[in-house]
Amino acid sequence: MKAIKNIGLANVQAVYSGPEGRLWQLLMGEQIHIGGLTSSMDLAERAGIAEGWSGVDLCCALGAGMRFLVRFRKVARMTGVDATRAMLDLGQKRCTEEGLADRMKFVEANVCATGLPATKFDFVWGEDAWCYVEDKAKLIAEAARLIKPGGLIAFTDWMEGPAGLTDEEAKRYLGFMKFPGVLRMEEYGSLLKANSCTVRAAQDTGRFAKHVPLYLDMIEKQLTYDALKIIGFDMALAQMLIGEMRFMQSLAEKGKIIQGLMVAQKGA
Ligand SMILES: C[S@@+](CC[C@H](N)C(=O)[O-])C[C@H]1O[C@@H](n2cnc3c(N)ncnc32)[C@H](O)[C@@H]1O
């Protein structure tokens, strides 16, 4: 694992309660992950998420993944866990506005200790968020605890790629993103195995390097005013953000960071 010190849940909550979180929403939409609907559809297909199932979205943010699953995969009900109150409140509001509130439950908790009952869910879901979680071993143990025997853990995440990050690159990238640490796909594989789960799918989606230019284009060519408004028209900060996104782009192009997709099944 590549990790940095002094970044934890409080930093992540500050991001998603403030301008940085709103900036990601502007660029990515209410599904705050690379590839939006296509990525969710791909993950659901690979996992075989089926009608009538019930699942838990760990790091659900605005609950857009949960609404996607109910609408597009006819999932019966979803429970979303997130540690940022502002995200949960807006997520709940959107579920109510869209007439889906009776099938959704939101829980404010650290995903490493959700307080939800064990072995009650068909699947655990996660999209591009577990990179924010400090203790990945606890997170995977919690995910495995929640699902029934034979249940699935399906997630995408910002992972370290096969080319690997140098310590210097990791420090800059993790510091900018406020990630305490990122895992390689094999490291997630080991944690899943240690929790009696068999990996059914593990792949680089190949989206990272293609999508960052899209976000840069939006900031520079279309949504410049909107982005500046969110950060208080701070031009120096805007230049810094663009510079760090270009740096991220260079890491993605070299295969040093990827959006990884994994599906694992708990031993029956
Ligand atoms: C990138 S957003 C998640 C996006 C969401 N999965 C989606 O696809 O729309 C990251 C979210 O993770 C949450 N988060 C990060 N670390 C957490 C933790 N340890 N426990 C609970 N929530 C956490 C943040 O509060 C934030 O809402």
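Both counts, for ligands and for their atoms, begin at 1 and track the order of listing.
By the 6.0 Å contact criterion, CD on E97 is enclosed, its count of non-hydrogen atoms from other residues, nucleotides or ligands being greater than 12.
Evaluation of the ring pair (Phe, Tyr, Trp, His ring centres under 6.0 Å) test over residues 92-111, restricted to residues two or more places apart or in two chains, returns none.
Without hydrogens or angle criteria, S17 side chain to A86 main chain gives no donor-acceptor distance under 3.5 Å.
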Can you give each donor-acceptor pair under 3.5 Å made by side-chain atoms of residues 1-9, sequence neighbours left out, with the distance rounded to 0.1 Å?
| from | atom 1 | to | atom 2 | distance (Å) |
| --- | --- | --- | --- | --- |
| K2 | NZ | E160 | OE2 | 3.1 |
| K2 | NZ | L165 | O | 3.2 |

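Hydrophobic cluster membership differs between L37 and Y215, with clusters built from Ile, Leu, Val, Met, Phe, Trp and Tyr side chains linked at under 4.5 angstrom.
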Present, as a list of atom pairs with distances to 0.1 Å, all nitrogen or oxygen contacts under 3.5 Å between ligand 1 and the protein.
| from | atom 1 | to | atom 2 | distance (Å) |
| --- | --- | --- | --- | --- |
| ligand 1 | 6 (N) | C59 | O | 3.0 |
| ligand 1 | 6 (N) | E127 | O | 2.9 |
| ligand 1 | 8 (O) | H33 | ND1 | 2.6 |
| ligand 1 | 9 (O) | I32 | N | 2.9 |
| ligand 1 | 19 (N) | N110 | OD1 | 3.1 |
| ligand 1 | 20 (N) | V111 | N | 3.0 |
| ligand 1 | 22 (N) | A83 | N | 3.1 |
| ligand 1 | 25 (O) | D82 | OD1 | 2.6 |
| ligand 1 | 25 (O) | T84 | OG1 | 2.5 |
| ligand 1 | 27 (O) | D82 | OD1 | 3.1 |
| ligand 1 | 27 (O) | D82 | OD2 | 2.8 |

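F155 is linked by a ring-ring contact (aromatic ring centres under 6.0 Å, His included) to W130, Y188, counting only residues two or more places apart in sequence or in another chain.
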